[in-house]
Amino acid sequence: MKRQQPQWNTLLRELANKSLFPDALQVYLQMLRSGSAPNAFTFPFALKSCAALSLPFTGKQLHCHVLKTGCSPEPFLLTSLISMYCRLGSVESARQVFDENRHSSKLTVCYNALVSGYALNSRAKDAVLLFRQMREFGVAINGVTILGLVPVCGVPGSLELGMAVHGCCVKLGLDVETAVGNCLLTMYAKCGEIGCARKWFDEMPRKGLITWNAMINGYAQNGLANEVIQLYMQMEASGFRPDPVTLVGVLSSCANLGAHTFGKEVERRIEACGFGYNPFLSNALINMYARCGNLKKARDIFNGMPVKSVVSWTAIIGGYGMHGQGKTAVELFDDMIRSGIRPDGAAFVSVLSACSHAGLTDSGLNYFEVMQKQYGLQPGPEHYSCVVDLLGRAGRLYEAQKLIESMQVKPDGAVWGALLGACRIHRNLELAELAFERVIELEPTNIGYYVLLSNLYTDTGNKEGIINVRMMMRERKLRKDPGCSYVEFKGAFFTMSRMKREEEAKSWGCLTEFQKIRPSVVSFIIPILLHQRKGKLKEKPYGIDFRGFHEMRSCETSK
DNA sequence: GTAGGGTTAG
């Protein structure tokens, strides 16, 4: 049956809108073969498919088709062309299309496509310049302009620009659009200004699911896991049903806290909602179980995934590595390569750290070489710190030092810190002092390093050294931060610094009371008492149901 | 019938 031209267009549009891009391009080719001429309603979808599939050559050809068919350069078509070139990384070609059609490009849509294109290609300056031009030329600015522009402000240090854009939104009355609000929220979170993000979140007149997700994931990315859990509970209480995006953020926070019970609860939720086959969620679950120490469960989920991405592999490899099962981690890494997955930088971090934890020095060094020579990956400071750790633990301290000195990128605190840690193990005071000097330049307030050096002085009986470190800490007004406890109790969640806990315990006058029961339980009970005092549970502190304690897990971490 | 956009894992 021969199709008419409009039918071809409809089919093409439907496929592209369902993200079935290869099929859409097939249809385009069939259409040409059947003798139907493409028109201005055909090209936008063919161009979009090309961009989605990263086919620069086909994209260029399509542009030629457009010119050949003599389609009038109307804004819809121009916008599609500009957007395609931007997505394929050729901003210059996009700019050319834009400039060659000056008369039509007065239109907002064309500007929007190019502004977001510059942003997409990390050309912040050009994006802002074009945005300014829009204002000068009196081109209408709408919400979509802002959505395209704001991502350029979402990097640490660009808060000022972001706030200027926010101010602009307010002036134009665009900040009340939910999508714009969400975008600004994400921008603040990505700048690391989580306080601003929260303030804006609280002010936003209309919050949608995406708003909650943006705030939850903003907290998650800034490492504020407790806030994530709290906000998630608040979200449920406000009647919003989570979607996979929400739960990914929540799970990553469970992983960071070692909140096993809560994580299991989230898994049940995932199953109940029918999100079970979402690969993002499976990866987040693997990560959560692995970091909580439940390697079996992590492995089961990993094995059950029909399609495993490099992220899935990295999560399971990292899990084994973290718990000292370096051999399994290395085997899995090799399996991954055999299965045709190309490892990326993060995958190498997981295998390198597995090797260093398990003492597999030679394998680790081999992977470090393979990474550069075979995969052409430039090692970052995170790789160097693994390798320094690897060499250092093996006692090859001077090789580690040489490696640091040969680095192409600037070493960060973790790199020198790894050397310092190794020096402590092998009691090399001279090198430790050098590493300490470097690491303190980079992270002057990280108390861990002072403690490490002080411990080494203690090990070697160097009293003068100990006093020196203490003086330095006093001069810089550094105090050893007390460790923090994370506690789960019947699905509720608590955190509290040890010092605070003791103060609170004294004010309750019940510390000794509980110590009689079981000293290790004290750290669990005090936060619960606090919770009861603040919250709705009006029980007396002594009326806690101790049968619930088997449900608790805790992990002590120190900052 | 067409274009530009916001939240997601290791």
Side-chain angles (χ1 to χ4, degrees), chain A residues 5-14 16-17 39-48 51 71 74-84 86-87 104 107-117 119-120 142-151 154 177-187 189-190 208-218 220-221 242-252 255 275 278-288 290-291 298 302 308-319 321-322 343-351 353:
Chain A
Q5 208 272 356
Q7 288 175 315
W8 284 112
N9 283 350
T10 310
L11 186 57
L12 184 58
R13 187 185 67 229
E14 277 171 6
N17 285 342
N39 64 12
F41 295 110
T42 319
F43 287 118
F45 298 106
L47 291 165
K48 189 178 173 182
C71 277
E74 52 177 338
F76 290 123
L77 192 48
L78 287 178
T79 310
S80 308
L81 277 167
I82 292 168
S83 162
M84 177 205 67
C86 289
R87 280 168 196 277
S104 316
L107 284 144
T108 304
V109 279
C110 293
Y111 271 95
N112 287 354
L114 197 54
V115 167
S116 82
L120 216 61
N142 61 18
V144 182
T145 321
I146 304 296
L147 298 182
L149 178 67
V150 166
E177 285 184 30
T178 314
V180 173
N182 296 339
C183 200
L184 291 168
L185 178 55
T186 309
M187 181 269 295
K190 290 209 168 135
L209 177 61
I210 292 182
T211 317
W212 286 93
N213 286 352
M215 193 66 236
I216 286 177
N217 285 299
Q221 278 153 19
D243 74 347
V245 179
T246 324
L247 299 175
V248 161
V250 175
L251 280 174
S252 97
F275 299 151
N278 182 306
F280 277 73
L281 278 174
S282 301
N283 293 339
L285 278 171
I286 294 171
N287 182 38
M288 186 273 293
R291 298 194 49 173
F302 175 79
K308 302 171 178 67
S309 73
V310 67
V311 179
S312 329
W313 286 94
T314 305
I316 193 75
I317 291 167
M322 202 179 297
D344 62 3
F348 276 104
V349 169
S350 74
V351 75
S353 95

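Below, chain A is the first sequence line, B the second, and so on; all start at residue 1.
When DNA chain B is scanned in the 5' to 3' direction for atoms under 4.0 Å from non-hydrogen atoms of chain A, the outermost contacting nucleotides are B:dG1 to B:dG10.
Residue A:Ala284 is out of contact with every strand shown, counting any heavy-atom pair closer than 4.0 Å. Note on A:Arg87: only backbone sugar-phosphate atoms sit closer than 4.0 angstrom, heavy atoms only; bases stay farther off. Within the nucleic acid shown, A:Asp344 comes within 4.0 Å of at least one base atom, counting heavy atoms only. Residue A:Phe43 is out of contact with every strand shown, counting any heavy-atom pair closer than 4.0 Å. Using a 4.0 Å heavy-atom cutoff across all strands shown, A:Asp243 reaches no nucleic acid atom at all. Among the protein residues, A:Asn287 comes within range of the sugar-phosphate backbone only, with heavy atoms under 4.0 Å from sugar or phosphate atoms but none that close to a base. Across all strands, A:Pro151 comes closer than 4.0 Å to no nucleic acid atom at all (heavy-atom distances). Residue contacts for A:Ser350: at a heavy-atom cut-off of 4.0 Å it reaches no nucleic acid atom on any strand shown. Within the nucleic acid shown, A:Gln221 comes within 4.0 Å of sugar-phosphate atoms alone, with no base atom in reach, counting heavy atoms only. Using a 4.0 Å heavy-atom distance criterion, A:Val310 is classed as a base contact.
Contact record, A:Leu77 with A:Cys71: CD2-CB, 3.7 Å, taken as the closest heavy-atom pair.
Using a 4.5 Å heavy-atom threshold, the side chains of A:Leu114 and A:Cys86 count as touching.
Partners of A:Thr42 under the side chain to side chain donor-acceptor pair (under 3.5 Å) rule, at least two apart in sequence or in another chain, are A:Asn9, A:Asn39.
Between the CG atom in A:Leu184 and the CD atom in A:Glu177 there is a gap of 10.5 Å [rounded to 0.5 Å].
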